[in-house]
Protein chains: 2
Amino acid sequence: MTIIEDLLANIDEEKKLNIINSAMKEFSKQSFQSASTNTIVKEAGISKGSLYHYFGTKEKLYEYLEYFAIKIIAENIINKVNWNQQDIFTRIKEVSLIKFNLFQELPYLSDFSLKVFENKSAEEIMHKHPDFPLALYSQLYNQNIDYSLFKDEVDVKKAIDIIRWTIEKCGDEYRRKIAENKMAFDYKAIEKEIYGYIDMLKDSFYKKGEK
Amino acid sequence: MTIIEDLLANIDEEKKLNIINSAMKEFSKQSFQSASTNTIVKEAGISKGSLYHYFGTKEKLYEYLEYFAIKIIAENIINKVNWNQQDIFTRIKEVSLIKFNLFQELPYLSDFSLKVFENKSAEEIMHKHPDFPLALYSQLYNQNIDYSLFKDEVDVKKAIDIIRWTIEKCGDEYRRKIAENKMAFDYKAIEKEIYGYIDMLKDSFYKKGEK
DNA sequence: ATAAAATTGACCAACGTAGTCAATAGCTGA
DNA sequence: TCAGCTATTGACTACGTTGGTCAATTTTAT
């Protein structure tokens, strides 16, 4: 991994992004076996030789992408989340918008990550990437959160699932529409739509007067 | 399509199911191009010659699967839904369980359908399969439903989205767990879990005393 | 001007492909 | 039993694509 990073450190950021995006696209559309390095280099606008100079083999390229995806998502969340915010709804809003921002620059990060976790269990990933922030995901919905804001009769664990799922599906739907109708990416519109759903759930799950 | 159906009518149901499941599996894991007919026949336990005797080409096989998937889902829903039921929560429960039952016998129907709609718009599908029941999906959440049961301040359209998404994600999560831990498929357990979420949303979105 | 590093793309052996078709197996009715 | 038929097989083919290499070229740094 270090060797690869050393080599990548010397090429300019835009070319690096091109390669990563192109490779993530191919690996998220095809199985590892079927994914074509020819397709990757063509879309990235580099030569076959360069790709193999940077990464050595297809396997190593894939491993680097795994490492990169995990690292960049975790870094963004850890650094940008306001850990003092005790309202889980606001916390979740923050996380979803952080991810949306990331996915703008790395359009296939979402699909690629999904595919990685489809094929490998968290343990396998932990084994290959020991610094994988497994704990982060539970911290996100637990650390310094004030659960007393929920109505007493609400099952908080289920409520959080519903909020998370709603945001994810809302984002999926939006990206589907963009892909289909060539509808423009409108950050503010997405934000507004997601907030509409979240605020509705907040009204339903929180005690009255806890806005 | 008719020619294919005539040929398929003469082979026994189990073999037909094997072919359909095997082909849906391959097409839902690989792109159309990368999907291998060799893999399909191997898993289905038939010879290459038979597959091409039944379907002619890879394209026609894929088209038949498209047709079959749409038809079987629509048939099941239309015939099994109780259209007199005015409670949308019960309606949605019914639909989700109908689908779960279907997906038990056709494990890749869900993934395959998703992929079909990823790659083609509803219009394209309508064009290729003129009897595609496009209207069914809106009927499902509108026909003979009593919206007055919702609290006045609740946005019903958003509420239905949330319910639908929750069920879908709940099912996804369950299937993921089964695939990962080799956890056994437990129909009653899934039903109970889904009902847990739906009832919670019902408590939140319906007027008090409307259970 | 020179050395070193980065980048190229034609090239290759190996492999998997969709589809074919002569041969075989299995079944039918007499 | 056997002829006639259909359903089924899988070895085979022509071909496209693959991951990876490496001598040659360009770019960069000194």
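Here is the naming used below: chain letters follow the sequence lines, and residue numbers restart at 1 for every chain. What you see is a predicted model; the values in this text were computed from it and never measured.
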Enquirer: Within less than 4.0 Å of OP1 or OP2 of dT7(C), is there a side-chain N or O belonging to Lys15(A)?
Expert: yes

Enquirer: If I take atom CD1 in residue Ile11(A) and atom P in nucleotide dT27(D), what distance separates them, rounded to the nearest angstrom?
Expert: 17 Å

Enquirer: For the residue pair Ile162(A) and Phe205(A), what are the closest heavy atoms and their distance?
Expert: CD1-CZ, 4.3 Å

Enquirer: Rounding to an integer number of Å, can you tell me how far Tyr52(B) OH sits from dA22(C) P?
Expert: 18 Å

Enquirer: Of Thr57(A) and Ser50(B), whose nearest nucleotide on DNA chain D comes first from the 5' end?
Expert: Ser50(B)

Enquirer: Figure out the CZ/P separation between Phe55(A) and dT7(C), and round it to whole Å.
Expert: 12 Å

Enquirer: Heavy-atom nearest nucleotide on DNA chain D for Lys58(A) versus Gly49(A): which residue maps closer to 5'?
Expert: Lys58(A)

Enquirer: Any chance the side chains of Gln30(A) and Ser31(B) put a donor and an acceptor closer than 3.5 Å?
Expert: yes

Enquirer: Do Asn142(A) and Tyr147(A) have side-chain N/O donor and acceptor atoms under 3.5 Å apart?
Expert: yes

Enquirer: Near DNA chain C, under 4.0 Å by heavy atom, which residues of residues 33-48 of chain B?
Expert: Ala35(B), Ser36(B), Thr37(B), Asn38(B), Lys48(B)

Enquirer: Over how many whole Å does the gap from Leu51(A) atom CG to dC22(D) atom C1' extend?
Expert: 16 Å

Enquirer: Starting at CG of Asp12(B) and ending at P of dA7(D), how long is that distance when rounded to a whole Å?
Expert: 14 Å

Enquirer: Do Arg91(B) and Trp83(B) have side chains that get closer than 4.5 Å, going by heavy atoms?
Expert: yes

Enquirer: Can a salt bridge be assigned to the pair Asp199(B) and Lys202(B) using a cut-off of 4.0 Å between side-chain N and carboxylate O?
Expert: no

Enquirer: Nearest whole angstrom, please: distance from the P of dT21(D) to the OH of Tyr54(A).
Expert: 17 Å

Enquirer: Roughly, in whole Å, what's the span from NE2 in His53(A) to C1' in dG9(C)?
Expert: 16 Å

Enquirer: Do Lys60(A) and Phe55(A) form a cation-pi contact, if we require the NZ or CZ to be under 6.0 Å from the six-membered ring centre and within 45 degrees of the ring's axis?
Expert: no

Enquirer: Locate the shortest heavy-atom distance separating Ser28(B) from Lys115(B); write the atom from each residue and the value.
Expert: O-NZ, 3.4 Å

Enquirer: Can you tell me how far P of dT17(C) sits from CD of Gln30(A), to the nearest Å?
Expert: 13 Å

